[in-house]
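Start at 1 with the first residue, then count along the sequence.
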Amino acid sequence: MGNELGAVRRSQIITTHGPGSIVDFRAGGYGGAGISVVAAGLEEWDRWAPPPGLGHPQTVYEPRLQKQLGVDGFRLPPVAPQVAPGVYSNNAGKLVGVRFPRWLQCPRCHLIRQSRYWTEDAGDPALYCAECSEKAGGRNRVHVVPVRFIVICDHGHLDEFPWDWWVKHNEKCPLRGRRKELKLEGSATAGLAGLILSCLGCGSSRSMEGCFGPDAIPGQCQGRRPWLGTDADEPCGADPRVVQRGASNLYFSVIESALDIPPWSDELQKKIGMRWAMLDQAPDQNSRRLLIQAMRLADITGKPEDELVGAIEDRIARLRSPDRNLRWEEYQQFVQHKQPFGENTEFEIRPAAAPPELASWLESVTRATRLREVRALRGFTRVFPPAAGDDERIAKISLNRPPWLPAVENRGEGIFIQLRLDRVRTWENSQAVVDRAAASRKAYEQAWRDRGRPSAPPKLVTPRLLLIHSLAHALIRQLSLSCGYSSASLRERLYVDVGSSWDMAGLLIFTSSPDADGTLGGLARQGESTNIVRVFEDALSSMTWCSSDPLCIEGVHARTEPANGAACHACLLAAETSCEEFNAFLDRGLLVGTPGQPELGFFEDYLRELRS
């Protein structure tokens, strides 16, 4: 099929390559060329990967997450269905990308033009410079490449760099009113000052120095949303800023996730499937009973009608509880069971009390031998990572809100660790710990105000959050050495709350990849009594010293992330796929103490016992 660019993994669509992100491919004939596109919105999913909506066979359901996000279900990114072992259908749906930026540059003559002014071959997405290709001779093609500068704003908009405005053409430019020939080439001067943009018509030129400045482009953002179409612009009052096309702050996906827990993890919920949305939307119990009869759910599920009605009503009541909390519901499932639970379901756990060596600090260690997680993409931000809750900066991934969102499901294993709440409360109320956490909280609040947010930040930085998040990262680093999984395939799930009815102090480390690593049992086995003691010993011992000390333990390396204390790439920072908080709210000083204040460490006396 013409204009096919390549393939991406399903999990990338939810993280780095979702709608609104810039994706690079190498495609086309004559050796191919680098092609940059912005992934199109959800309307194009329905158009290019039929059947549309939840009528597509590649869908998943998770009632708690559906209720949280106000949708009827989730669509998996389309893949070719397997028609025989090792044989895949040619009728797989496609995902669409829109060429962006449209300004391209010839690497030989250094001219930059919009895409419509370069030469193309029918059905070939790779454009080329006809003049330079002719000079090269034969069947050679000098393909043009995307320019490196683009414009974004912190409301998610995306626009072309204003090349004609930047060069400031002479009023007597002979190309005025016509397509102008611009050239962007380097000089002997280093940096952006040596990158010169010039007009071949009037001779005007200007270096790119200063293009990344806060006032480089005056005026307001134009509200461009090319991933939603050419007529999707909207008013925007934000300041535009210039970034490089591959900048790390160009796209932050906003993901909501939930574990499949009882009672929704049982066989009954699987059999109800997509019919759950209709049952949930029914106005009363009589209406739901009529739906159950009309859909013949008693026959489908193999349960008597009255028993089925009772089970469904119980689940509806749980979902409509005014004080429901996704994390609290999961936390309760991990801590309330004292015996093996959930065999042959999507939530299979093996609870156990903390081993004697760790019993003063941990309440329990639960091996999760089977878990199912659904992760849904509901939007994205640019410039800064998303804040907790409803952030007004979150950009839309569709023009009109559909009854579904893109999602992936992960099946894996994990280890849940519950800290002793009494010990945590005593520790977090000590004055030294309060002062240490207050420094991170004030730095985070100042950074929030510096971003132009007058309201209070949505995240409350507490000693408990810093402790549990730092412990999760320390365990991820150690478990990747002992269980066989790469650190990037392990994820954290934090259960932290204080001062409310949801008093939590726990964490889950689990496999996060739906692909190659699979679920071989290596991670859950590390939760066995003898193994977890060794993991804790090694993880905490490694936190007592960092190759960047003393700069790290004094917080010097954390100045690029104000919400961090003692944390850097050599000790605590983890892969982007592993961390829920974008590597913020970390401080190993609260884990193991500092040379000047060893009492700061929650596990300081445990380490002292190891050394004695």
Side-chain angles (χ1 to χ4, degrees), residues 42-43 45-46 50-76 256-330 332-333 336 342 344-347 372-379 389-390 396-409 501-502:
L42 300 186
E43 284 81 6
W45 285 44
D46 285 342
L54 296 175
H56 198 280
Q58 297 177 9
T59 54
V60 294
Y61 300 93
E62 210 297 314
R64 295 190 311 127
L65 191 58
Q66 290 167 212
K67 193 71 173 179
Q68 180 88 356
L69 298 176
V71 296
D72 296 340
F74 305 100
R75 275 192 62 174
L76 297 168
E256 299 285 348
S257 65
L259 296 182
D260 204 357
I261 60 172
W264 296 276
S265 58
D266 61 9
E267 194 64 28
L268 172 62
Q269 195 67 42
K270 290 182 184 178
K271 291 178 179 178
I272 294 175
M274 64 183 298
R275 305 171 187 86
W276 178 260
M278 290 184 285
L279 295 170
D280 185 33
Q281 294 166 7
D284 52 45
Q285 182 174 342
N286 290 333
S287 300
R288 281 189 285 275
R289 183 180 285 273
L290 290 175
L291 280 173
I292 289 170
Q293 294 170 353
M295 293 185 292
R296 302 177 63 86
L297 279 182
D299 294 337
I300 293 173
T301 61
K303 289 185 176 294
E305 182 177 310
D306 289 341
E307 181 181 342
L308 181 59
V309 170
I312 290 175
E313 289 303 317
D314 174 67
R315 299 175 193 212
I316 293 289
R318 289 171 184 255
L319 290 178
R320 294 181 179 177
S321 173
D323 59 346
R324 60 185 301 267
N325 180 297
L326 290 180
R327 293 295 171 100
W328 175 251
E329 293 167 357
E330 295 168 7
Q332 285 297 300
Q333 289 295 329
Q336 72 182 6
N344 298 325
T345 70
E346 299 284 14
F347 186 79
R372 174 179 176 261
E373 180 201 29
V374 176
R375 309 184 72 213
L377 175 70
R378 68 181 181 97
D390 293 326
K396 295 181 179 179
I397 56 177
S398 62
L399 270 176
N400 303 302
R401 184 176 178 179
W404 58 273
L405 287 172
V408 295
E409 61 177 349
S501 57
W502 306 312

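Rounding to the nearest 0.5 Å places CG of Asp280 at 8.0 Å from CD of Gln66. Distance CG/Leu290 to CE/Met295: 10.5 Å, rounded to 0.5 Å. With rounding to the nearest 0.5 Å, the separation of CD1 in Ile312 from CG in Leu268 is 6.5 Å. Here the straight-line distance linking atom CG of Leu279 with atom CD1 of Ile272 works out to 6.5 Å at 0.5 Å rounding. Interatomic distance, CD1 of Ile316 versus OG of Ser321, reported as 13.0 Å (0.5 Å rounding). Atoms CZ and CG, from Arg64 and Leu326 in turn, are 5.0 Å apart once rounded to the nearest 0.5 Å.
Take Pro406 and apply the side-chain contact (heavy atoms from CB on, under 4.5 Å) test, not counting sequence neighbours, and it matches Ile14, Leu42, Trp45, Leu377, Ile397, Trp404. In this structure Glu43 satisfies the salt bridge (Lys or Arg N to Asp or Glu O under 4.0 Å) test with no other residue, sequence neighbours excluded. Residues satisfying the side-chain hydrogen bond (donor to acceptor under 3.5 Å, both in side chains) test with Arg296, not counting sequence neighbours, are Asp299. Remark: Lys396 pairs with Arg225 by the side-chain contact (heavy atoms from CB on, under 4.5 Å) rule, at least two apart or across chains. Every residue was checked against the side-chain contact (heavy atoms from CB on, under 4.5 Å) condition with Ala298, not counting sequence neighbours, and none meets it. With sequence neighbours left out, Lys303 forms a side-chain hydrogen bond (donor to acceptor under 3.5 Å, both in side chains) with Glu307. Take Tyr61 and apply the ring-ring contact (aromatic ring centres under 6.0 Å, His included) test, not counting sequence neighbours, and it matches no residue. By the ring-ring contact (aromatic ring centres under 6.0 Å, His included) test, Trp264 is found to be paired with no residue, residues two or more places apart in sequence or in another chain being considered. Asp266 is linked by a side-chain hydrogen bond (donor to acceptor under 3.5 Å, both in side chains) to Arg315, counting only residues two or more places apart in sequence or in another chain. For the salt bridge (Lys or Arg N to Asp or Glu O under 4.0 Å) test, no residue two or more places apart in sequence or in another chain qualifies with Arg275. Evaluation of the side-chain contact (heavy atoms from CB on, under 4.5 Å) rule for Pro262 yields Ser265, Gln333, Phe341, Phe347 as partners, not counting sequence neighbours. For the side-chain hydrogen bond (donor to acceptor under 3.5 Å, both in side chains) test, residues two or more places apart in sequence or in another chain that qualify with Asp46 are Arg75.
Across all their heavy atoms, Glu305 and Arg289 have their closest contact at OE2-NH1, 2.8 Å. Listed here is the closest heavy atom pair of Gln285 and Val309: NE2-CG1, 3.8 Å. Nearest approach of Asp323 to Trp502, heavy atoms of both residues: O-CZ2, 3.0 Å. Of all heavy-atom pairs spanning Leu319 and Arg324, the tightest one is O-CD, 2.9 Å. For the pair Ser257 and Arg375, the tightest heavy-atom approach, listed with the atom from each and the gap, is CB-CG, 4.0 Å. When all heavy atoms of Leu69 and Arg378 are compared, the pair lying nearest together is CD2-CD, 3.8 Å.
Using a 4.5 Å heavy-atom cutoff, the side chains of Thr59 and Met274 are not in contact. In this structure, the side chains of Gln269 and Glu346 stay at 4.5 Å or more apart for every pair of heavy atoms. By the 4.5 Å heavy-atom criterion applied to side chains, Leu76 and Val60 are counted as neighbours. Under the 4.5 Å side-chain criterion, counting only non-hydrogen atoms from C-beta, Ser398 is not in contact with Asn400. Proximity of Glu329 to Arg318: side-chain heavy atoms (C-beta onward) are nowhere separated by under 4.5 Å. Residues Asp260 and Glu409 form no side-chain contact, since every pair of their non-hydrogen atoms from C-beta on lies 4.5 Å or further apart. Side-chain atoms of Leu65 and Glu256, non-hydrogen and from C-beta on, do get closer than 4.5 Å to each other. A heavy-atom distance below 4.5 Å is found between the side chains of Lys67 and Arg320.
In the model, Asp72 has a side-chain atom that pairs as donor or acceptor with a side-chain atom of Gln281 under 3.5 Å.
Of the possible polar contacts, one joining the Glu330 side chain to the Leu259 backbone as a donor-acceptor pair under 3.5 Å is found.
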